[in-house]
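Just below is one structure, and these are the notes that go with it.
Computed from a predicted structure; not experimentally measured. For the numbers below, each heavy atom of this structure counts, side chains included, while hydrogens, waters and symmetry mates do not.
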Amino acid sequence: MNRPRSRPRFAALGLALALAAVVPAPAQGTDTTIERLEAYLTGLRSIESDFVQSSSKGGFDRGRLYVQRPNRMRLDYKPPSSLQIYVRGSWLIYVDTELEEVTHVPIAETPAAFLVGKTVSFSGAVKVAAMKQDRETIRIELVRSEEPEAGSAILTFGRNPLVLKGWTVIDAQGARTRVGLVRPRFNGPVDSGVFEFDPDTVIRPAHDQ
């Protein structure tokens with residue numbers, strides 16, 4: 001299996017806005033809010049949305065996100081990006097059509113797990129490190145329970161109604177990748193064909209051009 005020159009940064013799974021510093025949440029009401037967010041995410045059976053992605057290193061991309069739970073996802077980036085991301089079973093697959101490289105990463109090692117898992121729990125493999133709420137938004141920061149220093153993901157929700165708006169992935173070096181959902185559609189039908197992955201058909205057309 002080929003390895004990319006630098007591993008593409010997983011986005012799907014930060015709202016493109018200036019996030020205030022995430023601070024520990026007050027104890028009152030925290031458990032109830034977390035349970036509400038777990039129930040909301042568990043109830044999301046599908047997502048189809050445009051997205052915008054920005055990086056603290058200066059990158060900017062657009063694309064289309066498709067999710068069908070459990071264990072099916074695709075992020076289709078628009079040119080000039082050469083990246084596509086698929087979830088297939090327990091693997092997250094990075095496809096770089098320009099470098100003609102395909103990389104498989106265990107889904108459990110990525111922030112994608114909260115989008116494609118059958119259920120969502122913030123008290124097992126991942127835990128809530130911090131929370132911030134205001135009148136319009138709720139932001140929770142998640143870390144891996146066994147490796148909290150490996151990075152984190154900040155999920156951003158609208159409050160009324162409760163709706164997922166985007167997320168920010170922060171790597172171990174502090175670099176941020178923010179993804180914001182644009183005109184999302186939740187729990188609607190998604191064409192199963194968009195999740196089909198064949199490296200020959202994905203990479204060869206770009207090579208032959």
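Atoms CD and CZ, on Glu196 and Arg74 in that order, are 10.5 Å from each other to the nearest 0.5 Å. The line from CZ of Phe51 to CG of Asp76 is 8.0 Å long, rounded to the nearest 0.5 Å. Taken from CG in Leu164 to CG in Leu41, the straight-line distance is 6.5 Å, to the nearest 0.5 Å. Here the CG atom belonging to Leu65 is positioned 6.5 Å from the CG atom belonging to Leu181, to the nearest 0.5 angstrom. Separation of atoms CG (Asn187) and CZ (Arg69) is listed at 9.0 Å; rounding is to 0.5 Å. Rounding to the nearest 0.5 Å places CZ of Arg178 at 12.5 Å from CZ of Phe60.
Under the 4.5 Å side-chain heavy-atom criterion for ILVMFWY residues, a single connected hydrophobic cluster contains both Ile138 and Leu44. In the hydrophobic clustering of this structure, Tyr66 does not group with Val163; members are Ile, Leu, Val, Met, Phe, Trp, Tyr whose side-chain heavy atoms approach within less than 4.5 Å, directly or through other members. In the hydrophobic clustering of ILVMFWY residues, with side-chain heavy atoms under 4.5 Å counting as a link, Met73 and Val105 come out together. Both Leu37 and Phe186 belong to a common hydrophobic cluster when Ile, Leu, Val, Met, Phe, Trp and Tyr are linked at side-chain heavy-atom distances under 4.5 angstrom.
Among residues two or more places apart in sequence or in another chain, the side chain to side chain donor-acceptor pair (under 3.5 Å) test is passed with Arg64 by Glu48, Asp50. Every residue two or more places apart in sequence or in another chain was checked for a salt bridge (Lys or Arg N to Asp or Glu O under 4.0 Å) with Glu149, and none qualifies.
Using a 4.5 Å heavy-atom cutoff, the side chains of His104 and Arg88 are not in contact. Taking the side chain as every heavy atom from C-beta outward, Pro70 and Arg45 approach each other to under 4.5 Å. At a threshold of 4.5 Å between non-hydrogen side-chain atoms, the residues Ile34 and Met131 count as touching. Between Val194 and Gln68, the closest side-chain pair of non-hydrogen atoms is not below 4.5 Å. Using a 4.5 Å heavy-atom cutoff, the side chains of Tyr40 and Val120 are not in contact.
Looking at Ser49, its side chain does come within 3.5 Å of a backbone N or O of Val182 through a donor-acceptor pair. The backbone N or O of Gly188 sits less than 3.5 Å from a side-chain atom of Ser46, completing a donor-acceptor pair. The backbone N or O of Val143 lies less than 3.5 Å from no partner atom in the side chain of Ser152, so there is not a single donor-acceptor pair.
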### Query
Given the rule in the side chain to side chain contact (heavy atoms under 4.5 Å, CB included) test, do Leu142 and Val128 qualify, once you have shown the distances and angles that lead to the verdict?
CA-CA 5 Å; Leu142 305 175; Val128 176; 3.8 Å; yes
### Task
Dump the intermediate steps for side chain to side chain contact (heavy atoms under 4.5 Å, CB included) on Phe122 and Leu155, then the final yes or no.
CA-CA 12 Å; Phe122 299 147; Leu155 310 187; 4.3 Å; yes
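What you find for Phe195 and Val67 is that their closest heavy atoms are CZ-C, 4.0 Å.
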